[in-house]
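For reference, the structure discussed in these notes is given below.
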2 protein chains.
Amino acid sequence: MARDDARRPPATLQDVARDAGVSLATASRTLNGSARRVKEEYRARVLAAAERLNYAPNLQAQAVARGRTNTVGIIVSDITDPYFAQIAGGIIAAAEAGGMGASISVSGRDPEREVQLVSSLRGLRPAGIVLVGSRVTDAAVTARLETQLRDFEAEGGHVVLVTQAGLPFDTIAFDNVEGARALAARLATAGYARAIVLAGPERLMTSRERADGFLEGWAVAKHPADAGPFEDTLDVPVVHSEFTRAGGYEAMGRALADHGRPDLVFAVTDLMAVGAMARLREAGIEPGRDVAVAGFDDIETLRDVTPGLTTVRLPLEQGGIAAVDLILHRTGSQSLMRLPAEVVVRESTPAGVEHE
Amino acid sequence: MARDDARRPPATLQDVARDAGVSLATASRTLNGSARRVKEEYRARVLAAAERLNYAPNLQAQAVARGRTNTVGIIVSDITDPYFAQIAGGIIAAAEAGGMGASISVSGRDPEREVQLVSSLRGLRPAGIVLVGSRVTDAAVTARLETQLRDFEAEGGHVVLVTQAGLPFDTIAFDNVEGARALAARLATAGYARAIVLAGPERLMTSRERADGFLEGWAVAKHPADAGPFEDTLDVPVVHSEFTRAGGYEAMGRALADHGRPDLVFAVTDLMAVGAMARLREAGIEPGRDVAVAGFDDIETLRDVTPGLTTVRLPLEQGGIAAVDLILHRTGSQSLMRLPAEVVVRESTPAGVEHE
DNA sequence: GTGAAAGCGCTAACAG
DNA sequence: CTGTTAGCGCTTTCAC
């Protein structure tokens, strides 16, 4: 059956004004909070006309006239990853609560793509851009990203980075280093001897921060007398792979082959930890009994794995909300907000539990 | 430190044209795929100027001039729920691949809010709106939703519903009924006797479809001679709760109290199934050993729970992609695409496994 | 208070 | 092929 393709154009402000018998200006003023007030009689007529014509303001036109949209542009690495979904959820909710729309793009963890996305987002003239995800070690692409973001701010936009500090913009930073350090300290003193770290891609700062924090906390706890951590962490192997379940699985296999069975596996991500557990079982090693496993993030949908995964909880949604807050109430100066991490010990590291 | 708040306005097409020494039209034509071609010399000059001025086209202005944006508006119930995240991921990826932006709103599972969101999305003049989530039984709010969507189409927009058929728009429907029916048949013949269903809110069609499909499949398998399923399903209790892990937990508790221990628990959602398993354990009943449990969706991050959850897999991402496809290549007539469901038997229903 | 009119940045006839 | 020009729908001075 052919669809009703009337293409009746949407009612415009013109239409409303004409229908109400007032000027364009008056209609505009009553239909959106202008500073000036309109006589009640006209107001009512305009409102009635708008209702009757089912008028919806053309946001694009408004944006063109005003020079900026009431929108926040979100860039995440992967919306399918619960870590990002949680943060994005916070951003979207806060944006809607603040009367703003949200547009979203996915970079697929590609830094180049991230730069591209910022560039095209700029065309949307959003009030702000929230860039969520790990920064990378590559200085060249970071420089290009910074240029794009600077340009956006020069145009009057507001940039907020969510994840870690380092670039000259407002940022919400999760305390990866301190969280990993605390986790390591807790587990080191609980009695585990040989640890191994399953890290993400080397270029990702988030992976580095977590791995380094862990190594540092581990070294300090094991050799409290020593000053520098470097000598002492040499005995904790670090294996790199992707930031996914599959990555954890793969890294665990490699780790077992290259370094034998450890007492404790620290995966820099819950997703990786779960992959690692699967790989361990496949090798006949039972996580939580034969070997301890810890992750990072405290992903909600992963809280039901067995054994319960020891991890570090991050206030992800809160981070998203805070980012929008910064956009809504922009201050004159660059601000940095550190969000705390909290160690959560569960049965995957039984010695840690007893050590409570 | 005070921020560099120069507010240098972004370069406009005017600026580029002037800088390149060509007309506005020429600049416009080279900078965005117009049908017409531009002499190579001018082309180069314009491109260079654009590069030099760091020009980014004002998408709002383009939209105003063209009458429509190159955007798809997404409405989901909850981006934090992996079910929706997966679908949204498909939509966003497909949109970007098709050169479109994506704007996203979250309804929080509130049908009223959904209507509101469609209404304000209309203001964005997106090429299409993809409405993802269960339809509801409430006729009044459904009528209002339909009105909004019709208006949007009358204005030249394109509506795609993802989840189930029933409204007069293009839709991508997951085969909930058939999937649940197949699951029930498989498990009923595997030897389970007393079943119980943990359903979502009664008004949600998705919950109904899955519960009804299960009851039907169960009845047919148990009493193949009978024609009507109604008499025969009376012995399978249905308990309702929220569409979340907490909902599953709560419903399971109530089910145990009201109906005693079943042989098989079917939760209409993996999330609910996992909550139910937790509640069972708390009651000293071990899922997969003392009682069988099955879910629906085959959520990726839930594939690592123990025992492995028997469930029905839905091509979620594919559904999102198909929706965008419909927007990109709109046909004249209303189309309905049914996406198949696939039963996945794991250790949470051991009899089902053996029965392979 | 109200309305006329000049933009906002871009597109798309239309004429050369 | 190029340039001129009239819009797109809305905001916002600026007179009244």
Side-chain angles (χ1 to χ4, degrees), chain A residues 7-46 49-50 53-71 120 122-126 155-157, chain B residues 7-46 49-50 53-71 120 122-127 155-156:
Chain A
R7 299 279 176 125
R8 150 175 42 101
T12 74
L13 192 57
Q14 275 292 4
D15 301 334
V16 175
R18 190 180 318 116
D19 190 286
V22 300
S23 80
L24 201 61
T26 300
S28 169
R29 293 200 264 257
T30 91
L31 252 19
N32 35 46
S34 160
R36 321 177 55 157
R37 289 217 341 183
V38 175
K39 211 208 303 191
E40 190 46 52
E41 180 195 341
Y42 289 155
R43 231 185 95 70
R45 291 224 307 261
V46 171
L53 299 179
N54 194 3
Y55 170 73
N58 183 322
L59 299 184
Q60 322 294 330
Q62 268 184 198
V64 172
R66 292 210 251 248
R68 197 146 282 289
T69 12
N70 206 17
T71 289
S120 47
R122 276 210 297 146
L124 251 187
R125 302 289 186 272
E155 293 162 8
Chain B
R7 300 277 176 128
R8 150 175 42 102
T12 75
L13 193 58
Q14 275 291 5
D15 300 334
V16 175
R18 191 180 318 116
D19 190 285
V22 301
S23 81
L24 231 162
T26 301
S28 170
R29 293 199 264 257
T30 90
L31 253 18
N32 33 47
S34 160
R36 321 176 57 157
R37 290 223 335 188
V38 175
K39 209 210 301 189
E40 189 46 52
E41 180 194 343
Y42 290 154
R43 231 184 95 70
R45 289 223 309 257
V46 171
L53 300 179
N54 195 3
Y55 169 74
N58 183 323
L59 298 183
Q60 321 295 332
Q62 268 184 199
V64 172
R66 295 209 250 246
R68 196 146 282 287
T69 13
N70 206 17
T71 288
S120 46
R122 276 178 53 203
L124 251 188
R125 303 288 187 275
E155 294 161 6

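Residue numbering restarts at 1 for every chain, and letters A, B, ... go by the order of the sequence lines.
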Where do [X] and [Y] come nearest, in terms of heavy atoms and distance?
X       : Y       : result
A:Asp15 : A:Pro10 : OD2-O, 4.2 Å
A:Gln62 : A:Asn32 : OE1-ND2, 3.9 Å
A:Ala11 : A:Leu53 : CB-O, 3.7 Å
A:Val22 : A:Arg45 : CG1-NH2, 4.0 Å
B:Ala27 : B:Val46 : CA-CG1, 4.0 Å

Self-check item: Boundaries of the chain B footprint along DNA chain D (any atom under 4.0 Å from a heavy atom)
Solution: D:dC1 to D:dC8
Quiz item: To the nearest 10 degrees, how far apart in direction are the end axes of the helix from C:dG1-D:dC16 to C:dG16-D:dC1, each fit to five base pairs?
Solution: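 Between the axes fitted at each end of the helix from C:dG1-D:dC16 to C:dG16-D:dC1 lies an angle of 40°.
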Quiz item: Which residues pass the salt bridge (charged side-chain N to carboxylate O under 4.0 Å, His left out) test with A:Arg68, sequence neighbours left out?
Solution: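 Per chain and number, A:Arg68 pairs via salt bridge (charged side-chain N to carboxylate O under 4.0 Å, His left out) with no residue.
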Practice problem: Apply salt bridge (charged side-chain N to carboxylate O under 4.0 Å, His left out) to B:Arg122 and list each qualifying residue two or more places apart in sequence or on a separate chain. | Solution: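 Checked B:Arg122 against salt bridge (charged side-chain N to carboxylate O under 4.0 Å, His left out); matches are B:Asp151, B:Glu155.
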[Y] and [X], any side-chain heavy atoms less than 4.5 Å apart:
X       : Y        : value
B:Asn58 : A:Arg125 : yes
A:Thr30 : A:Thr26  : yes
B:Gln14 : B:Arg18  : yes
B:Tyr55 : B:Leu13  : yes

Quiz prompt | Under 4.0 angstrom between A:Ser23 side-chain N/O and C:dA4 OP1 or OP2 | solution = no
Output one line per pair: protein atom, nucleotide atom from nucleotides 6-10 of chain C, and distance, for all N/O pairs under 3.5 Å.
{"residue": "C:dC8", "atom": "O2", "partner": "A:Ala65", "partner atom": "N", "Å": "3.4"}
{"residue": "C:dC10", "atom": "OP1", "partner": "B:Tyr55", "partner atom": "OH", "Å": "2.5"}
{"residue": "C:dC10", "atom": "OP1", "partner": "B:Asn58", "partner atom": "N", "Å": "3.2"}
{"residue": "C:dC10", "atom": "OP2", "partner": "B:Leu13", "partner atom": "N", "Å": "2.2"}

Self-check item: Gap separating the CG atom of A:Leu59 from the OG1 atom of B:Thr69, nearest 0.5 angstrom
Solution: 9.0 Å
Do any N or O atoms of the protein come closer than 3.5 Å to N or O atoms of nucleotides 14-16 of chain C, and which pairs are they?
{"residue": "C:dC14", "atom": "N4", "partner": "B:Arg36", "partner atom": "NH1", "Å": "3.1"}

